[in-house]
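Input: a single structure, listed below in structure tokens.
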Protein chains: 2
Amino acid sequence: MDQNNISEAVLPLEKFIAYRLNQAAEKVSQRFALEYKKRYGMTRPEWRTLATIGQFGNITAKEICQHSSMHKTKVSRAIFTLEQRRWLKRTVDQNDRRVEHLELTTQGQKAYMELSDVARTFQDQIYGALGAANTSALETSLEAIETLIDPQ
Amino acid sequence: MDQNNISEAVLPLEKFIAYRLNQAAEKVSQRFALEYKKRYGMTRPEWRTLATIGQFGNITAKEICQHSSMHKTKVSRAIFTLEQRRWLKRTVDQNDRRVEHLELTTQGQKAYMELSDVARTFQDQIYGALGAANTSALETSLEAIETLIDPQ
DNA sequence: AAAAATTTGTTGCATATGTAACGATGGACT
DNA sequence: AGTCCATCGTTACATATGCAACAAATTTTT
């Protein structure tokens, strides 16, 4: 077959799901990253770590890794930075001294609550711009992909 | 208000769209990355660059940046690596010698076609696992987000 | 109880990435 | 032509990331 006839081989990236998902996710995340960058100069791993501790209240580094799918060194470094900002405190587990329990300080809670507000506003804007039907489709498809990824 | 009452401030990450989109996109991409890593030891920027040149046939580095949203240094380095593998050739534009036109070599075409096949199979598997209704919802919502991002 | 294996979190090192500066070229304006 | 500015792609440098090795603690095996 003529090598230049790529009709059988071409892969329009606009129709490739991995590509489109990544573009969409990256743009949305970058847009939201502006918020925590400009307010607090935070990185993405730091924001995710803060948000995870904020949500669970008391959590270990390992649990953050499991919940967020971030690499343990990324989490370890984010925890270090958040600790330096005095946004979290560590408590060594008395039954297993390898384990550290992490909690937000008052300052950390404050930043978390402010950014949670920003996040909800951001999400509302997206949903508003998408409209009810598309929002519903997005929920449906994300749930489907999540089920595919993490079959409980 | 009691600081520990975070009912107003909590942001369940399982309901935050930026977070969910990223998790989904990252998992799907990582799964597909196994394919081009094991076959060719390629990185993600290299695969994306190959796929973009493959799709357009003749393209410049700048156009790859615009189409893929990759940073120009990432594209520059991917082009360099693909060139070293003899998967692409550069041709300096005779009207504007700053510009280089990129095309795949025969070897590059071969790799591109093979990986395109793998990609389509991968996509078919995802769509098969999602089912028609969820696939349709995914298409709809991705289009909606894309419109939101790139309003023409 | 001693030895071996596992787990939690950190760190050294190599790689990957982005920013800013750059060289080369081209275009605009005088 | 000469000066200034913009553009294309590369590179130097600083930062971010992941892998592998690690220390410390715990559990399992013998």
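We use all heavy atoms of the structure for the numbers below, so side chains are in, but hydrogens, waters and symmetry mates are not.
Atom-to-atom, NZ of A:K72 to P of D:dG18 comes out at 13 Å; the value is rounded to the nearest Å. As a whole-Å value, the separation of A:R97 CZ from C:dT7 C1' is 15 Å. A straight line from CG of B:D93 to P of C:dA24 spans 19 Å, rounded to a whole angstrom. Here the C1' atom of nucleotide D:dG9 and the CD1 atom of B:I79 are 8 Å apart, to the nearest Å. The distance from atom CE of B:M70 to atom P of D:dT10 is 13 Å, rounded to the nearest whole Å. What separates NE2 of B:H71 from C1' of C:dT17 is a distance of 9 Å, to the nearest Å. Between the NZ atom of A:K74 and the C1' atom of C:dT8 there is a distance of 20 Å, rounded to whole Å. Between the P atom of C:dA24 and the CD atom of B:Q94 lies a distance of 18 Å, rounded to the nearest Å.
Under the 3.5 Å distance criterion, with hydrogens and angles disregarded, no donor-acceptor pair is assigned to the side chains of A:Y19 and B:Q123. Side-chain contact check for B:Y40 and B:E46: no donor-acceptor pair (N or O, by modelled atom type) lies under 3.5 Å. Neither side chain, A:S68 nor A:T52, offers a donor N or O lying under 3.5 Å from an acceptor on the other. A:E14 and B:Q55 form a side-chain donor-acceptor contact under 3.5 Å, judged by distance and modelled atom types alone.
In the set C:dT25, C:dT11, C:dT17, C:dT25 carries the atom at the smallest distance from any side-chain atom of B:D96. Distance from the side chain of B:E100 is smallest to D:dG9 among C:dG26, D:dG9, C:dG9. Taking only side-chain atoms of A:P45, from C-beta outward, the nucleotide of C:dT19, D:dT17, D:dT26 with the closest atom is D:dT17.
B:S76 has a side-chain polar atom (N or O) that falls below the 4.0 Å cut-off from OP1 or OP2 of D:dT10.
When heavy atoms are screened at a 4.0 angstrom cut-off, A:N95 is found touching the sugar-phosphate backbone but no base atom. Residue B:R90 is in sugar-phosphate contact alone, with no base atom involved, counting any heavy-atom pair closer than 4.0 Å across all strands shown.
The residue among A:T43 and B:R98 whose nearest nucleotide of DNA chain D lies closer to the 5′ end is B:R98.
The aromatic rings of A:F16 and B:W47 stand perpendicular to each other, their planes meeting at an angle above 60°, with 30° marking the opposite boundary.
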